[in-house]
Amino acid sequence: MPTDDLPEAFHVTTDEQLRAVSNLTRHRIMAVLRFEPATITQIAERVGLAKGSSSYHVRLLERAGLVKVVRTRKVRGVTERYYAMAARSIVLPDPGEGGPDVLMRHAVADLEAAPAEGERHVRMAHLRLTDEQFAQLAARLEALADEYRELSDPSLPDASLVFALFHPAAARAQAEGETK
């Protein structure tokens with residue numbers, strides 16, 4: 001199933017959906033399904049799970065509406081199901097005050113699990129920006145991510161891009177103190 005047929009975004013709105021995406025194993029399963037459909041056996045092999053565990057996690061994702069069966073075929077009398085993402089991207093709710101962002105935790109876990117000898121580009125920069133500069137940088141980062149997502153070729157090796165642009169709590173407290 002080509003990704004062109006998918007809705008642009010799936011908005012996580014229920015507790016069941018949030019629990020489904022909050023699990024690192026299910027996050028990795030969704031990464032496998034990002035570009036092409038796969039069977040439970042294929043998912044298990046790619047994620048390094050037993051087929052039973054893979055099936056359990058896929059059923060939870062399917063029940064939450066995050067993945068769906070896109071085709072079936074009979075193999076030696078057994079129906080083989082191919083699963084795919086329900087949308088091109090998943091939009092998570094705001095994690096709220098002080099709540100850790102699920103996406104960042106998964107990104108760090110994926111980075112830690114990536115081969116150390118592989119090519120990585122990790123950088124943290126502390127910036128001092130006006131509100132306008134902050135908004136411009138956020139828009140540029142999102143546009144860049146969208147541009148390269150459009151260029152993605154499922155036949156090429158997977159690469160992940162994660163960014164976070166935010167005002168740290170200490171910086172916000174300092175700024176509030178300066179205005180008093």
Side-chain angles (χ1 to χ4, degrees), residues 1-95 100-122 142 144-164:
M1 174 179 169
T3 57
D4 295 344
D5 296 346
L6 296 176
E8 186 60 35
F10 180 96
H11 291 266
V12 172
T13 57
T14 70
D15 288 342
E16 178 185 27
Q17 293 165 345
L18 191 56
R19 278 192 301 277
V21 298
S22 295
N23 179 279
L24 183 58
T25 299
R26 291 189 284 274
H27 166 77
R28 290 188 173 143
I29 289 170
M30 290 185 292
V32 166
L33 299 175
R34 186 174 18 220
F35 295 113
E36 63 184 344
T39 65
I40 294 295
T41 301
Q42 293 167 334
I43 293 166
E45 290 169 358
R46 293 177 191 161
V47 178
L49 289 173
K51 280 175 52 175
S53 294
S54 179
S55 178
Y56 167 79
H57 288 289
V58 169
R59 276 195 319 271
L60 287 176
L61 289 167
E62 184 180 25
R63 193 172 24 233
L66 295 157
V67 302
K68 61 185 181 177
V69 175
V70 292
R71 79 174 172 261
T72 60
R73 71 179 188 144
K74 287 279 191 190
V75 179
R76 293 186 290 277
V78 175
T79 301
E80 192 172 61
R81 291 175 179 83
Y82 285 81
Y83 294 88
M85 293 298 299
R88 288 171 164 244
S89 64
I90 295 172
V91 179
L92 298 173
D94 185 333
D101 192 338
V102 170
L103 184 62
M104 282 297 151
R105 284 188 283 129
H106 289 180
V108 169
D110 285 348
L111 178 62
E112 289 172 344
E117 66 278 358
E119 188 174 4
R120 300 181 192 191
H121 301 275
V122 179
E142 289 180 21
L144 188 62
D146 289 344
E147 175 186 341
Y148 276 86
R149 189 182 68 201
E150 290 298 319
L151 296 173
S152 285
D153 180 344
S155 67
L156 297 174
D158 201 12
S160 292
L161 170 67
V162 178
F163 62 87

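If you're wondering where the values come from, they're calculated on a predicted model, not measured in any experiment.
- Between Arg71 and Pro37 there is a side-chain heavy-atom pair separated by less than 4.5 Å.
- Annotation: side chain of Val12 is not in contact with side chain of Val91 (no heavy-atom distance under 4.5 Å).
- Partners of Ser160 under the side chain to side chain donor-acceptor pair (under 3.5 Å) rule, at least two apart in sequence or in another chain, do not exist in this structure.
- Applying the side chain to side chain contact (heavy atoms under 4.5 Å, CB included) criterion to Val78, with sequence neighbours excluded, gives no partner residue.
- Not a single side chain to side chain donor-acceptor pair (under 3.5 Å) links Glu112 to another residue, sequence neighbours left out.
- Checked against salt bridge (Lys or Arg N to Asp or Glu O under 4.0 Å), Arg76 has no partners two or more places apart in sequence or in another chain.
- Between Ser89 and Arg149, some side-chain heavy-atom pair lies under the 4.5 Å cut-off.
- Between Thr39 and Tyr83, the closest side-chain pair of non-hydrogen atoms is not below 4.5 Å.
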Can you give the donor-acceptor pairs under 3.5 Å from side chains of residues 59-66 to other protein atoms, not counting sequence neighbours?
from  : atom 1 : to    : atom 2 : distance (Å)
Arg59 : NH1    : Ser55 : OG     : 2.9

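- A 4.5 Å side-chain heavy-atom check between Glu80 and Thr72 finds every atom pair outside the cut-off.
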For residues 19-29, tabulate all N or O donor-acceptor pairs below 3.5 Å that involve a side-chain atom, not counting sequence neighbours.
from  : atom 1 : to     : atom 2 : distance (Å)
Ser22 : OG     : Leu18  : O      : 2.6
Asn23 : OD1    : Thr25  : N      : 2.8
Asn23 : OD1    : Arg26  : N      : 3.0
Arg26 : NE     : Ala20  : O      : 3.0
Arg26 : NH1    : His57  : ND1    : 2.9
Arg26 : NH2    : Arg19  : O      : 3.3
His27 : ND1    : His106 : ND1    : 3.3
His27 : NE2    : Asp110 : OD2    : 2.8
Arg28 : NE     : Asp110 : OD1    : 3.1
Arg28 : NH2    : Ala109 : O      : 3.4

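- Residue Ile90 holds its CD1 atom at 11.0 Å from NE2 of His11, rounded to the nearest 0.5 Å.
- Looking at heavy atoms from C-beta onward, Met85 lies out of side-chain contact with Phe10 at the 4.5 angstrom threshold.
- Residue Tyr82 places its OH atom among more than 12 non-hydrogen atoms of other residues, nucleotides or ligands, all under 6.0 Å distant.
- Around the CZ atom of Arg46, the shell of radius 6.0 Å holds more than 12 heavy atoms that belong to other residues, nucleotides or ligands.
- Using a 4.5 Å cut-off on side-chain heavy atoms (C-beta onward), Glu147 and Leu144 make contact.
- Separating the OG atom in Ser54 from the CD1 atom in Ile43 is a distance of 5.0 Å, to the nearest 0.5 Å.
- By the 6.0 Å contact criterion, CD on Glu119 is open, its count of non-hydrogen atoms from other residues, nucleotides or ligands being 12 or less.
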